[in-house]
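For reference, the structure discussed in these notes is given below.
Residue numbers start from 1 in every chain, and the chains themselves are labelled A, B, ... in the order their sequence lines are given, proteins ahead of strands. Because the structure is a prediction, the values reported are computed rather than measured.
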Protein chains: 2
Amino acid sequence: MNDNKKPNKQGRIREQSQEKIIVAAQEEFILQGYKGSTVQSIADRAGLPKANILYYFKNKENIYHAVLEKTLNMWDEGIGDIDPDNGPKVAIEKFIAAKVKMSFHHPSASKIYAMEIIQGAQHLKDFARTYLRQWVRAKAKLFQQWIDNGEMKDVDPVSLIFLIWSSTQHYADFETQILTIMNRADYEEEDVEAVTKFLTDFILRGCGLK
Amino acid sequence: MNDNKKPNKQGRIREQSQEKIIVAAQEEFILQGYKGSTVQSIADRAGLPKANILYYFKNKENIYHAVLEKTLNMWDEGIGDIDPDNGPKVAIEKFIAAKVKMSFHHPSASKIYAMEIIQGAQHLKDFARTYLRQWVRAKAKLFQQWIDNGEMKDVDPVSLIFLIWSSTQHYADFETQILTIMNRADYEEEDVEAVTKFLTDFILRGCGLK
DNA sequence: TAAATAACTGACTATTTGGTTGGATTACCT
DNA sequence: AGGTAATCCAACCAAATAGTCAGTTATTTA
């Protein structure tokens with residue numbers, strides 16, 4: 001994700017190994033689930049001996065926590081806070097574009113997150129209860145102001161947020177299904193544009209902004 | 001799910017037990033994943049001794065297959081085939097209503113399905129490649145005809161289908177997150193109506209049908 | 001009611017797996 | 001170069017778990 005320009009001192013190897021492990025673990029957790037991923041399988045995928053994995057992460061659960069943390073960081077970097085300054089049209093356009101980009105470029109993050117939520121958000125209860133709830137309320141308020149000002153149609157802001165989330169994340173979480181249905185091996189860059197355009201047009205129209 | 005009016009003969013107990021086991025297993029698989037669900041935990045949830053579970057299902061994988069099969073049956077019962085006779089507006093209305101109803105009334109089915117797909121559809125590859133792909137193509141064709149006839153706006157039919165799927169299923173798969181954000185304990189019947197209304201209005205508008 | 005069949009269950013086993021340990025090896029600094 | 005701390009790793013162990021089995025109880029049928 002980042003670089004390799006860290007001071008050539010202690011800790012460099014540590015960071016590299018941890019990163020390798022997290023990436024391997026993420027893939028493994030998606031494919032096999034938490035319990036189904038063995039420390040050995042993560043080690044194999046990372047190209048390290050098992051004991052080495054446990055040397056960098058005290059135990060399996062810590063690996064999972066590290067994966068989750070990385071996922072959440074990516075989440076709120078990539079989500080690109082809704083921009084309140086240029087009216088609802090620009091805000092929605094930017095938001096959709098950011099989320100679609102995330103879904104196509106980092107589907108793994110979205111998948112890990114989705115699995116957590118489906119399984120009852122056992123590790124993310126606090127995140128949802130505090131951070132997420134506040135986020136949604138703040139953004140809903142923003143939309144409501146635009147509605148009250150007559151700048152967009154009167155739609156329920158919270159439902160709108162859910163719709164944007166779901167329709168964009170779908171391309172990450174259900175990647176396999178979508179590719180199978182379209183009889184394709186991989187997404188291509190033009191898919192990102194096409195989907196962004198479709199969703200932007202469609203949703204803006206739904207909001208009475210087009 | 002169904003009844004207890006089966007002939008009072010051999011096989012009745014078998015059916016009841018199997019049903020109990022499948023329901024328990026479904027819940028367990030959602031919460032703990034396949035590998036994380038132990039036969040013992042399924043047994044406890046079903047209120048039966050472990051050996052009894054293995055008596056009705058040869059092994060754990062068979063239990064999972066039974067759960068998946070039940071899920072798929074529910075899927076194509078509940079999806080309510082798109083009705084081609086009354087134009088796009090009615091078709092979309094009915095389709096959305098059916099899917100929202102499914103999501104709120106049978107979230108477990110949707111969750112099991114979602115987990116399978118996220119994990120790479122390892123048991124559903126064939127289903128997607130044959131059944132699902134044909135379904136989407138047939139429905140897309142239908143929408144395209146309506147578009148060609150000028151009965152609805154020119155939007156990409158496949159993208160539209162994905163949007164309807166994702167926005168409706170979201171309420172099942174992300175149940176936990178939605179409830180947490182809205183600070184609620186459970187869905188209520190009026191939520192079904194509200195969501196149906198929101199999505200129907202919004203999507204019809206997106207299709208230029210309102 | 002008696003035989004036959006289905007349902008049930010506790011106890012056991014082979015295997016898998018998370019985690020430990022202790023010592024070898026390598027990287028880093030002065 | 002030499003010393004020190006970080007890294008690496010094979011072998012090991014205890015706990016957990018899927019599946020078996022042999023024997024018991026309940027139900028159906030003739």
Side-chain angles (χ1 to χ4, degrees), chain A residues 3-68 112 115 119 122-123, chain B residues 4-68 112 119 122-123:
Chain A
D3 52 18
N4 48 4
K5 297 273 99 63
K6 279 287 148 54
N8 204 359
K9 307 182 56 181
Q10 50 91 266
R12 207 178 52 110
I13 294 176
R14 183 170 209 91
E15 254 177 60
Q16 286 178 353
S17 290
Q18 284 181 334
E19 179 65 17
K20 250 198 291 186
I21 293 165
I22 289 176
V23 170
Q26 186 181 50
E27 212 51 42
E28 202 61 25
F29 285 141
I30 290 170
L31 288 169
Q32 313 293 340
Y34 175 75
K35 210 58 178 358
S37 304
T38 67
V39 177
Q40 186 64 60
S41 70
I42 294 170
D44 292 345
R45 197 180 278 268
L48 295 170
K50 185 181 81 155
N52 207 340
I53 306 289
L54 277 318
Y55 168 69
Y56 283 114
F57 295 91
K58 282 285 151 291
N59 53 43
K60 190 172 149 185
E61 213 187 324
N62 281 1
I63 305 177
Y64 186 65
H65 284 149
V67 170
L68 263 193
I112 287 280
M115 286 182 73
Q119 301 202 339
Q122 314 206 323
H123 301 81
Chain B
N4 49 4
K5 298 270 101 60
K6 279 289 149 52
N8 203 359
K9 308 181 57 182
Q10 51 90 265
R12 205 179 52 111
I13 293 176
R14 183 170 210 89
E15 255 176 59
Q16 287 178 352
S17 291
Q18 284 180 334
E19 179 65 17
K20 249 198 291 187
I21 293 166
I22 289 176
V23 170
Q26 186 181 51
E27 213 52 40
E28 202 61 24
F29 285 140
I30 290 171
L31 288 169
Q32 313 292 341
Y34 176 75
K35 209 54 180 352
S37 304
T38 67
V39 176
Q40 185 65 61
S41 70
I42 294 170
D44 292 346
R45 196 180 278 269
L48 296 170
K50 185 181 81 155
N52 204 343
I53 306 288
L54 277 320
Y55 168 69
Y56 283 115
F57 295 91
K58 283 285 152 291
N59 53 42
K60 191 172 147 184
E61 213 186 325
N62 281 1
I63 305 177
Y64 186 64
H65 285 149
V67 169
L68 263 193
I112 288 279
Q119 301 203 337
Q122 315 206 321
H123 301 81

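Applying the 4.0 Å criterion to OP1 and OP2 of D:dT7, one finds that A:Tyr55 has a side-chain N or O inside that range.
Between the side chain of B:Lys60 and the base of D:dG19, no donor-acceptor pair of N or O atoms lies under 3.5 Å. Below the 3.5 angstrom threshold, one finds no donor paired with an acceptor across the side chain of A:Lys58 and the base of C:dG19.
Within 4.0 Å (heavy atoms only), B:Asn52 reaches at least one base atom of the nucleic acid. Residue contacts for B:Ser37: at a heavy-atom cut-off of 4.0 Å it reaches the sugar-phosphate backbone alone, with no base atom in range.
Candidate nucleotides D:dA18, D:dC8, C:dG10 were compared by shortest atom distance to the side chain of B:Val39, and D:dA18 ranks first. In this structure, of D:dG19, C:dG10, C:dG18, it is D:dG19 that holds the atom nearest to the side chain of B:Lys50. Set against D:dA18, D:dA10, C:dT9, the side chain of B:Pro49 has C:dT9 as its closest nucleotide. For B:Tyr56, the listed nucleotide lying nearest its side chain is C:dA7; candidates were C:dG19, C:dA7, D:dA18. Distance from the side chain of A:Leu54 is smallest to C:dG19 among C:dG19, C:dC8, D:dC8. Out of D:dC8, D:dA18, D:dT7, the shortest distance to the side chain of A:Ser17 is found at D:dC8. When the nucleotides D:dT7, D:dT20, C:dT20 are ranked by their closest atom to the side chain of A:Ile13, D:dT7 comes out on top. Counting only heavy atoms from C-beta on, B:Asn59 has its side chain closest to D:dG19 among D:dG19, D:dT7, C:dA6.
Shown here for A:Gln18 and A:Tyr56, the closest heavy-atom pair between the two residues is NE2-O, 3.8 Å.
Rounding to the nearest 0.5 Å gives a distance of 10.0 Å between CD1 of A:Ile13 and NZ of A:Lys20.
Between A:Ile21 and the options A:Val67, A:Leu48, A:Asn52, a side chain to side chain contact (heavy atoms under 4.5 Å, CB included) holds for only A:Leu48.
Of the possible donor and acceptor atoms, one in the side chain of B:Lys60 sits under 3.5 Å from a partner among the backbone N and O of B:Ser37.
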